[in-house]
Structures are given as C-alpha cells and as structure tokens.
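Every value quoted in this text rests on a predicted model; they were computed, and no experiment measured them. Per chain, numbering begins at 1; letters A, B, ... match sequence-line order.
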Amino acid sequence: MYLRKLLISSKNSLQMEYNFREVEKNWQAYWAKNKTFKTEDTSAKPKYYVLDMFPYPSGAGLHVGHPLGYIASDIFARYKRLKGFNVLHPMGYDSFGLPAEQYAIQTGQHPEITTKTNIARYREQLDKIGFSFDWDREVRTSDPGYYKWTQWIFIQLFNSWYNPETNKAEPITALINKFRSGTLTIEGGWGQVWDTLSEKQQSDILLNYRLAFLSDTMVNWCPQLGTVLANEEVKEGVSERGGYPVERKLMKQWSLRITAYADRLLTDLDQLDWTESIKEAQRNWIGKSEGTSLKFKVESSKFDEVIEVFTTRPDTIFGVSFVTLAPEHELVEKLTTLEQKKAVEEYIVFAKNRSERERMADVKKITGVFTGSYVIHPFTGKQVPIWIGDYVLAGYGTGAVMAVPGHDSRDYAFASHFEIEKLIIIQPPVDWDFADKSYDEKEGKLVNSDFLNGLEVKAAIKKIISVIEENKLGKGKTNFRLRDAIFGRQRYWGEPIPVYYENEIPKVLNENELPLLLPEVDKYLPTETGEPPLARASSSWKYEGKFEYEYSTMPGWAGSSWYFLRYMDAFNDKEFVSKEAAAYWQNVDLYIGGAEHATGHLLYVRFWTKFLNDLGLIPVSEPAKKLINQGMIQGVSAFVYRLVLTVSKNPEDNDGANTLSLSDLPPVFISEKFFNILKENKNNEEAVKAYLRFANETGAINDRIKERQRKTIGNLNFGDPKYLQVNSLHVDVNFVNNNVLDKEIFKNWREEYKNAIFITEENGDYICGSEVEKMSKSKWNVVSPDLMVEQHGADCLRLYEMFLGPLEQSKPWSTSGISGVSNFIRKLWRLYHNGDVLNISEEPASRPELKTLHKTIKKISYDIENFSFNTSVSNFMICVNELTELKCNKREILEPLAILMSPYAPHIAEELWNKLGHTESITYAKFPECNESYLIESSFNYPISFNGKTRFFQEYDRSLSKEDIEKEILTLDQTQKYLEGKTPKKIIVVQNKIVNIVI
RNA sequence: GCGGAUAUGGUGUAACGGUAGCCACGAUAGUUUUAGAAACUAUUGCGAAAGCGUACAGGUUCGAUUCCUGUUAUCCGCACCA
C-alpha cells in the first residue's frame with residue numbers, strides 16, 4: 001500500500017506539477033534572510049499603516065478563522081507596496097492575560113513560560129502562511145521594555161485631570177493651582193484654603209479629579225477567578241472567560257475616568273470610516289441621554305432630606321404616583337419606617353444576594369418593597385410613596401426614579417404588581433388599552449397636568465424644564481450609560497500598577513524608576529487573607545524598602561490600548577514613541593479585526609489616543625481611520641447524543657434531590673435518527689422501557705439500581721419527557737468524517753466512554769449531529785491552518801480563505817471547495833510551463849491576450865481598493881481560464897500577471913518572477929496599470945428586451961446613434977415576432993447597454 | 001424590548017438601477033485508468049414546453065437582486081440605563 005502511494009507520487013513528480021512545499025519554504029526563508037519586509041522609518045514614499053488586531057497567544061494556537069483578517073490585511077499591505085507606499089505592517093502579541101494565569105494556577109508553571117511557548121507556536125503558524133510582517137518591530141505587552149511605557153502612560157493619567165472648560169486633559173498641577181488661587185471651589189466641605197489641608201485630604205480631593213483614580217466602587221466580582229471584571233468582560237451575568245458567576249461588590253479600586261471623554265468619544269465617531277454596526281454599538285455603549293434632574297422633598301418631621309431623580313421625561317411629572325430607589329440607595333435606611341423595617345431589611349438582603357445572572361435571567365420577575373415614607377410632589381403637593389425596587393440601578397443617574405406607570409412600561413409593571421395607582425396624563429390613540437400596557441410614546445397632548453395641559457410632549461418638556469429650573473427644583477442634565485473603567489485586577493499576570501502607599505496616600509513612581517517589574521511569587525493565587533497574588537511577593541518587594549506597592553495589576557486591555565503607537569518606534573527606551581515617528585506614521589490607515597472588540601478594545605484605544613493627544617504627545621486623536629471587521633469563521637461542531645435517565649420519586653420534584661441517577665450504567669449513545677425520533681415523539685415511555693430492558697440484558701444494571709427501580713419506577717408515568725433526557729455532547733470534529741463517527745477512536749477518547757454502547761443506523765454507522773457554532777477548543781470544532789497548508793499550500797489557503805465570500809460576512813468553515821483553488825494554482829503554473837520546462841515567448845501579445853490582461857488589471861485594482869477579495873480570486877480564475885484557452889505564454893502578459901497575483905499568492909508569484917529572470921523580490925515591483933484602449937470593442941451585442949424582459953440579442957456598432965438603433969431594431973423579424981402586430985408605445989435605447997421596447 | 005446585519009440553485013457565492021446565477025464546489029454522463037484518485041469533455045435554477053424564478057407583500061421606474069415602505073425568518077451586539 002505504502003509502496004504504491006510512493007510510486008504514484010514519484011510518477012506525479014515526473015510530470016513536474018507545481019511543488020508548493022519546496023517553493024513556499026524557500027521563499028519564506030528568502031524573505032526572512034533578506035528582511036524583505038523591513039520598514040523604513042523615513043522615506044520619500046507616502047506612508048501607509050496596515051494593522052491587524054493584536055492577537056492573544058492562546059494555548060490552542062491559530063485556527064482557520066484567525067488568518068482571515070491577516071490574509072486580507074497582508075494582501076492590502078503587499079498591494080500598497082506595489083503601488084509605491086512605505087508600508088508599516090507589524091505584528092506582535094497581547095501577551096498578558098487570564099488564560100496563561102489559569103494554566104499557571106493549575107500547573108504551577110510560570111505564565112511567562114506558557115506565554116513564550118504559545119507565542120512560538122503562533123509565530124510558527126503565522127510564518128507558514130507567508131505574511132509580510134515586519135518582524136523587527138514585534139512587541140509583546142508582557143515585555144518589561146513594553147510595559148514600562150504602559151505604566152508610564154498610567155502615571156500620566158494619574159497626573160492629569162479633565163478640564164471641562166477647555167474640554168481636554170490637563171496636568172493635575174493646573175488644578176491644584178486653581179484650588180490654591182480659589183479659582184475653583186473645593187467641593188465636599190473640606191475648607192477652602194488648599195495649603196491648610198493635610199496631605200491626605202489633598203490626596204483624597206485630587207482622587208476625585210485624576211483620570212486614574214482610586215475609589216470605592218461597585219464592581220463585578222468574580223469569586224472563581226478571584227478578580228474584578230470590567231462591564232464588557234461580563235456577558236449575561238457570567239464572566240466572558242470561563243463563564244463563572246459574577247456578583248456586585250463594593251471595593252476600593254483603581255479606575256480610569258473614561259466618562260470624561262464620553263461626549264468626544266461619541267461625536268468623533270462621525271468622522272470615522274468604520275462600519276455602522278461598530279459605531280452604533282459604541283453609541284449604545286456610551287448611551288447618551290438628555291434629561292433633567294428633579295428634587296422631591298421627603299415628608300418628615302424628623303429630618304430634612306431630598307430625593308433627587310433623573311428623568312428624560314419631565315413632561316410626565318403629573319403622572320408620578322410613586323418614587324423608586326435602588327436597593328443600594330444611601331437614603332434607604334433613613335427613610336424606612338419602623339413598621340416597614342423588617343420587610344425592607346429582608347428585601348435588601350435578598351437583592352444583594354441575588355447574583356447578577358439571576359437578576360438578569362428573570363427580568364420579568366418583579367420585586368420590591370415599600371419604605372413606609374413619602375415625598376411631596378413638587379407641583380401638586382400630594383403624598384407620593386417611596387418604594388425600593390431592584391429594577392432601579394444604583395449606578396445610573398441618581399439611583400432613584402420618579403415612577404410614571406401610565407407612560408413607562410417598567411413603572412407600569414411594578415405598579416401593576418404592587419397595585420399602585422396609574423395616572424394617565426398623555427392622550428393616547430383612541431383604542432389604547434391601559435389595562436394591557438402603558439403608553440410610552442413621545443407623542444400626544446398632555447392632560448390632567450395643570451399648566452402643561454394641551455401641550456404636545458415636546459413643548460411640554462421644554463416648558464417644564466424651564467419651570468423646574470426657575471423653581472430651583474433641578475436642572476437640565478446629560479447622563480451617560482458609560483461607566484468609568486475599572487482598572488485593577490486581582491491577578492498576577494498583568495502590568496503592576498506603578499503605585500505605592502505612604503501613610504495610606506497612593507503615590508506614583510518616578511519615571512526613572514520604571515518599569516516596576518512583576519515580582520516572583522510562590523503561587524498564583526490570592527493570599528489566605530484574600531489579597532491579590534502580588535501580596536505573595538517577598539517582603540523585600542517594597543518601594544524604597546518600606547512602602548507597600550499596589551497589589552492589583554492592570555487589565556488585559558491596558559497594553560492593547562496604545563500598541564499601535566509602539567509599532568512606530570518599537571524599541572525606543574527614552575520615549576513611548578518618538579515625536580518624529582508619531583508625526584510620520586500618524587495613525588492606522590487600515591485596521592482589520594473582529595467585531596467582538598467593538599466596545600472593549602476599540603473604545604479604550606480611542607480614549608487613550610485622545611488623552612495622549614490632549615497632552616500633546618501624539619498628533620492624532622483617533623487611532624484608526626478605517627476599520628474593517630472580518631466575519632467570524634464559525635466551526636461546524638459534531639455532536640453525539642447520550643441517553644440520560646433520571647427518575648424521581650415525586651414527579652413534581654424538580655430540584656433533583658430525589659433523583660435516581662443511573663450513572664453506573666455504561667454510556668449509551670443514539671445515532672441522529674433516533675435522536676430525531678425522540679425529539680419529535682413526546683411520549684417516550686417506550687424508549688425508557690427499551691432502555692431499561694437493554695440495560696438489564698447487558699448486565700449494566702446493578703442490584704442497587706434494580707432495588708430502587710422496583711421501589712420507585714413502578715408507579716411513575718413514563719410519558720413525562722423529563723425522565724429520559726438526551727444530552728448533546730460535543731465530539732472532536734477530527735473523529736468525524738461526513739457526519740460518521742469513528743467509534744473506536746471515540747471510545748479511546750475518554751476513560752468513561754471505554755464501554756460506550758452505540759445505537760446506530762441500519763448500516764452500522766453512527767451519525768453525529770452537526771451545528772454551526774463559534775470555533776473554539778471547548779466545542780471541539782477547531783480546524784487548524786497548519787493542516788491546510790500542509791495539504792494544499794499557503795497560497796492555496798490564502799486564496800481559498802478569500803474565495804469563501806465577502807470578508808465581512810460570517811461563514812462556517814468548510815473545506816469542500818478548496819480543490820477548485822488548488823486546481824487554479826496548478827493551472828496558473830502550467831500557463832508558464834510546458835511540461836517541466838519554463839516556456840515563455842518573447843513575442844508581442846495579441847489583442848485578445850492584452851484585453852484579458854487589462855480587464856483583469858482593472859478588476860483586481862477595483863476589488864482590492866474595495867476590499868472585495870473574493871471576487872478578485874474568481875477574476876484571476878477567469879483570467880487564467882481565458883489565457884489557457886488562448887494558449888498564451890507571452891512575457892508581455894505573464895509578467896504583469898505574476899505581479900497582479902503576488903499580493904494574494906506571494907510564493908508562487910515570487911517563484912514565477914524569479915524564473916522569468918528577475919533577481920529582486922517581486923515585493924517592490926510596480927503594480928501594472930490598466931490601459932483602457934485594449935478594452936474597447938468596436939461593436940456591442942445589445943440585449944433587446946420587451947417590457948423589461950430580454951428576448952434576443954443584436955450586435956451594433958458602438959458609435960451607432962440611438963435613433964439609428966431604434967430604426968434598425970424595428971426592421972428585424974424578431975422584433976416583429978415579439979411585437980405581435982402591436983405598435984410599440986415607447987422604445988428606450990441606452991447606448992452600449994440595452995434596448996427596451998415598451999408595448 | 002432596542003440596535004445592527006443578512007436573506008439569490010443541492011452548497012460557497014457573483015451581478016455601476018440595464019442579459020440573474022459569473023467563478024467554484026457537488027452531482028450526472030463520457031474519455032483515460034486493473035481499481036481508486038487525478039486529468040479532460042459535456043450537462044447541471046425550476047419546468048415537457050409556453051413560461052416562471054433573487055424570503056414574502058406592496059411601491060417608484062421604460063426596466064428592480066439592487067432604491068423606498070411594510071412583513072417574516074436567521075445571525076450578531078446591547079439590554080430594567082428612567
């Protein structure tokens with residue numbers, strides 16, 4: 001068998017098919033050796049900066065989805081070089097992060113080692129695909145030479161405040177001067193003479209202004225990960241990485257004051273050439289809403305308190321029938337009356353212990369409690385009850401709302417549940433049924449609203465705001481949904497925050513003391529007292545030997561918020577980037593990456609860019625002019641279906657406490673057909689019985705189970721589907737071929753499957769289910785690019801990934817079409833060869849050959865400029881098909897074709913270029929220009945349509961006038977046939993396009 | 001619920017408002033081959049044909065896959081943000 005294969009392959013090599021393995025290896029070595037893609041820092045050429053989103057080097061390596069964007073950006077970078085640009089196209093690694101640390105916790109291996117290994121693997125994979133990265137500029141965020149500058153930027157943030165008057169960041173010293181001189185009032189009752197305040201007091205005041213600041217904040221605490229998470233690291237109430245529950249917790253934390261930039265982050269979006277969906281996602285995330293604050297006086301003989309609410313609908317003030325406070329609201333305790341004390345306290349405990357996930361999962365479940373107190377309505381003077389409800393978020397607005405159940409669906413639901421009065425103050429459409437839902441629209445005339453009666457909503461809002469402001473009850477206000485970014489992580493593998501504490505005052509290190517190196521620790525876990533892993537560092541790890549450092553580290557996005565700048569000047573140890581480099585490279589011209597970074601990375605990098613720009617350190621205020629989001633390449637997961645029988649004594653019992661688990665039985669897997677039968681057939685009594693019989697016969701049921709079965713199962717109704725469940729389990733796609741499972745490999749996969757029993761299709765095959773999902777290790781559906789390169793070559797992988805469809809569209813990975821691309825490459829090769837010999841003619845090209853070439857030049861140029869890489873691949877195929885048909889082997893045609901191909905399939909292009917006699921790399925050749933004169937035809941084959949439907953074709957000279965064509969057309973027999981004797985109403989002739997005859 | 005995107009053969013997809021299905025995959029038949037694979041040739045939206053066909057229903061237009069309105073489905077993001 002082996003021998004035969006060998007014979008065949010040697011026979012093939014005799015035919016001298018294109019040997020991609022050898023060619024690709026050679027050129028990759030050539031590029032590395034000659035530093036072909038090294039970028040000059042200065043150049044007479046115009047600059048162009050093409051950047052891929054920073055990869056996190058995960059242990060799983062690259063899968064076929066990752067290179068999609070890299071291939072696209074590489075094509076563009078190579079194209080721009082051919083067009084005469086000085087192209088910066090770097091690559092590096094976002095190498096701090098959770099997974100390496102989780103691995104360290106499990107194995108004790110230092111995350112640095114894990115990270116290095118993973119990076120090496122990434123590099124190896126990237127190199128195989130033939131990217132034109134300038135590897136001399138590679139950066140790693142976990143490198144002290146890099147994170148020194150991340151820490152440096154943090155210090156700049158700490159030493160800055162946001163001046164609302166100039167609307168930019170300024171040195172904190174400017175603020176201190178304002179306090180000193182009394183230009184600015186010191187808020188919070190500290191006294192007004194700055195220099196009389198203690199250092200601690202001054203520090204506390206400044207923390208309210210610094211862009212990097214320490215404060216008590218409600219954070220997303222993830223106990224399993226032992227750290228705080230940012231809002232966008234939490235998805236559906238669980239951690240994005242790992243899927244662990246997250247709870248709200250009050251903690252002293254470092255944060256960045258991104259909210260200061262909210263408005264600029266919002267308005268500057270308009271200038272960016274980014275996809276609408278990303279811009280929209282950012283707009284939503286920033287969540288600007290304009291409204292007004294409004295004060296309600298609490299009715300009390302004992303104290304003088306005011307509840308301030310934020311509303312965007314002040315016009316509905318006369319519809320207020322209660323006020324709701326968030327459970328965490330500071331006035332809750334004070335406002336609770338003696339009678340309500342117990343109920344309120346119970347509720348607060350309930351609300352606190354309810355995890356974020358629970359709270360989100362049952363948004364529909366309405367919970368709340370009455371405080372027993374009332375506020376006075378500012379206009380009617382009536383009593384309005386104060387409630388507590390967890391539908392009000394502590395972190396937004398003032399943590400209190402004025403509830404207008406008639407015109408706000410959330411208030412409506414709350415009021416319905418607790419039977420609170422609903423007032424109608426806007427005239428809804430005639431058939432509106434308030435028993436069903438509230439009327440939330442901002443349209444209609446106001447009623448029952450005293451001085452607002454008869455006004456339209458918009459006018460009413462205007463009027464009420466002026467009345468509120470006149471009476472000093474509140475003022476117009478803008479709120480943002482965006483929260484300050486929590487910056488501390490109670491983790492090991494991140495940049496140490498360059499801060500130490502002297503008498504509880506946080507102080508930053510001096511610039512010359514950077515970097516603050518990550519200390520060694522014995523374990524990567526929190527200490528017994530719950531302090532972050534850095535607290536485990538040796539006792540000598542102290543500032544000046546005596547002051548404790550900050551123990552939390554920076555989040556994953558710190559290093560990635562400015563990396564595009566570092567590539568400009570990757571190894572500068574004097575500055576994070578030199579003024580000259582920043583001035584030359586400006587910002588990224590083309591940024592390609594996944595849409596999943598829409599709100600995290602892309603918002604933070606914009607924030608840091610604006611900040612550095614404010615300080616005059618860089619000349620741009622946005623990181624990337626154009627952004628393209630490549631679509632996700634999804635995996636096609638395979639499933640096996642495992643039967644699980646659970647029986648409870650009491651059918652009403654849902655909690656599983658009385659469940660009889662039959663886990664002692666060998667696992668049973670049913671093929672797809674049976675799965676479908678079970679799914680459709682609700683009554684599965686037969687299936688359960690058959691299963692038990694089967695288990696019995698195979699001796700799988702042991703005595704213990706038999707006993708319980710006798711006791712319990714006898715009385716149960718098997719018709720209830722909950723007794724027999726089918727669990728879908730992911731199975732490694734590599735065990736599956738055309739949905740058929742390799743049963744033996746599967747059995748050896750895991751110990752528990754060793755005795756697995758398969759219920760197969762008639763032919764003995766076990767058919768797996770399949771589903772399109774995200775490609776990930778945990779779903780066992782990862783396809784690696786290495787395998788593709790090994791089998792088909794890098795050029796083929798590059799072309800195929802582009803051929804799959806539009807770059808921005810998500811699609812499941814399927815290898816089925818790759819042979820078409822593979823054939824194309826061989827066909828291209830044959831164009832230049834006769835058998836195994838290069839066969840190039842120096843004769844001038846014929847007119848049809850030139851036409852094919854120039855048509856292709858035109859299309860490819862258009863496609864690249866429009867990032868339509870899929871169509872360029874088919875255009876190459878058309879071109880090669882046509883040239884093959886013409887038996888063209890002219891240098892005049894094939895040389896430009898090689899250049900045209902080189903951004904897409906650089907290896908074969910270099911090889912052909914070299915064989916054509918060039919000694920320099922094709923990288924810096926000149927992209928061919930389209931000569932339109934070759935494309936012009938003397939005549940045009942007009943489609944002749946009747947009422948818009950094409951019936952036949954007629955060729956006319958291109959210069960023939962509309963009138964003449966019209967005359968000619970009418971003389972044709974065909975025309976008369978379709979006219980059926982009628983006179984045309986109208987004849988439309990579009991020159992060199994179409995003729996349409998209207999009957 | 002809000003926002004964004006998408007919808008075309010068996011499949012991936014292509015069409016500046018102007019011939020719907022380019023280019024591939026797959027399939028069918030044939031040539032070659034001990035067989036398989038590969039290569040090559042032909043056919044391949046549906047329909048016997050007239051004709052009908054771009055998710056569905058309207059509209060604008062001489063002409064709509066393309067523009068507009070509404071509906072449905074799918075995917076993605078956000079979600080009690082007052």
Taking the same atom, C1', in B:rA55 and in B:rA7, what whole-Å distance lies between them? 6 Å
Any chance the side chains of A:E955 and A:S939 put a donor and an acceptor closer than 3.5 Å? yes
Quote, to the nearest angstrom, the P distance that separates B:rC67 from B:rA49. 34 Å
Picking from B:rA24, B:rC80, B:rG3, the nucleotide nearest the side-chain atoms of A:Y391 would be B:rC80
With rounding to whole Å, what would you report as the distance between B:rG10 and B:rA48 at their P atoms? 15 Å
Does B:rG4 have OP1 or OP2 sitting under 4.0 Å from an N or O in the side chain of A:R283? no
Span that lies between the P atom of B:rC25 and that of B:rA57, in whole angstrom: 35 Å
Between A:N479 and A:S289, does any side-chain donor sit less than 3.5 Å from a side-chain acceptor? no
B:rU6 to B:rU66 separation - C1' atoms, rounded to the nearest Å: 15 Å
Geometric cation-pi criterion A:K422 and A:Y412, 6.0 Å radius, 45° cone: yes
Determine if the base of B:rG9 is syn or anti; take syn to mean the glycosidic torsion is within 90° of 0. syn
Is A:E276 touching bases, backbone alone, or none of the nucleic acid, heavy atoms closer than 4.0 Å? nothing
As a test of reading the structure: which of B:rG4, B:rA24, B:rG51 is closest to the side chain of A:M877, going by heavy atoms? B:rA24
Do the side-chain N or O atoms of A:K986 get closer than 4.0 angstrom to the phosphate oxygens (OP1, OP2) of B:rC62? yes
What's A:F953 touching, base or sugar-phosphate or nothing? Going by heavy atoms closer than 4.0 Å. base
Which atom pairs link the protein and nucleotides 75-78 of chain B when you take only N or O atoms and keep those under 3.5 Å?
from   : atom 1 : to     : atom 2 : distance (Å)
B:rC78 : OP1    : A:K235 : NZ     : 3.0

Which is more 5' along RNA chain B, the nucleotide nearest A:V873 or the one nearest A:T311? Just name the residue. A:V873
Tell me what A:N479 touches on the nucleic acid: a base, only sugar-phosphate, or nothing, going by heavy atoms under 4.0 Å. nothing
Can you say whether the rings of A:W829 and A:Y18 are parallel (under 30°), tilted (30 to 60°) or perpendicular (over 60°)? tilted
Would you tell me if any nitrogen or oxygen in the side chain of A:T950 comes within less than 4.0 Å of OP1 or OP2 on B:rA20? yes
Is the distance between the ring centroids of A:F418 and A:F322 under 6.0 Å? no
Is the shortest side-chain N/O distance from A:N881 to OP1 or OP2 of B:rA24 below 4.0 Å? yes
P spacing across the pair B:rU69 / B:rA50, given as an integer number of angstrom: 38 Å
Verify the contact: side-chain N or O of A:Q809 to OP1 or OP2 of B:rU13, cut-off strictly under 4.0 Å; return yes or no. yes
Which nucleotide in the set B:rG4, B:rA82, B:rU19 lies at the smallest distance from any side-chain heavy atom of A:P943? B:rU19
For the pair A:S438 and A:D440, evaluate side-chain hydrogen bond (donor to acceptor under 3.5 Å, both in side chains) and give the outcome as yes or no after the intermediate values. CA-CA 6 Å; A:S438 58; A:D440 294 9; 2.6 Å; yes
Of the listed nucleotides B:rG12, B:rA82, B:rC62, the one nearest the side chain of A:Y396: B:rA82
Would you indicate what A:V392 reaches in the nucleic acid, counting non-hydrogen atoms under 4.0 angstrom: base, sugar-phosphate, or nothing? base
Report which part of the nucleic acid A:V998 touches: base, sugar-phosphate, or nothing (heavy-atom distance under 4.0 Å, all strands). sugar-phosphate
Rounding to the closest angstrom, what is the interatomic distance between B:rG9 and B:rU65 at atom P? 14 Å
Looking only at side-chain atoms of A:S277, point me to the closest of B:rG18, B:rG4, B:rC23. B:rG4
B:rC25 OP1/OP2 closer than 4.0 Å to side-chain N/O of A:N823: yes
Proximity to the side chain of A:I988 - top-ranked nucleotide from B:rC40, B:rA82, B:rC62: B:rC62
For B:rA39 versus B:rG47, give the span between their C1' atoms, rounded off to a whole number of Å. 35 Å
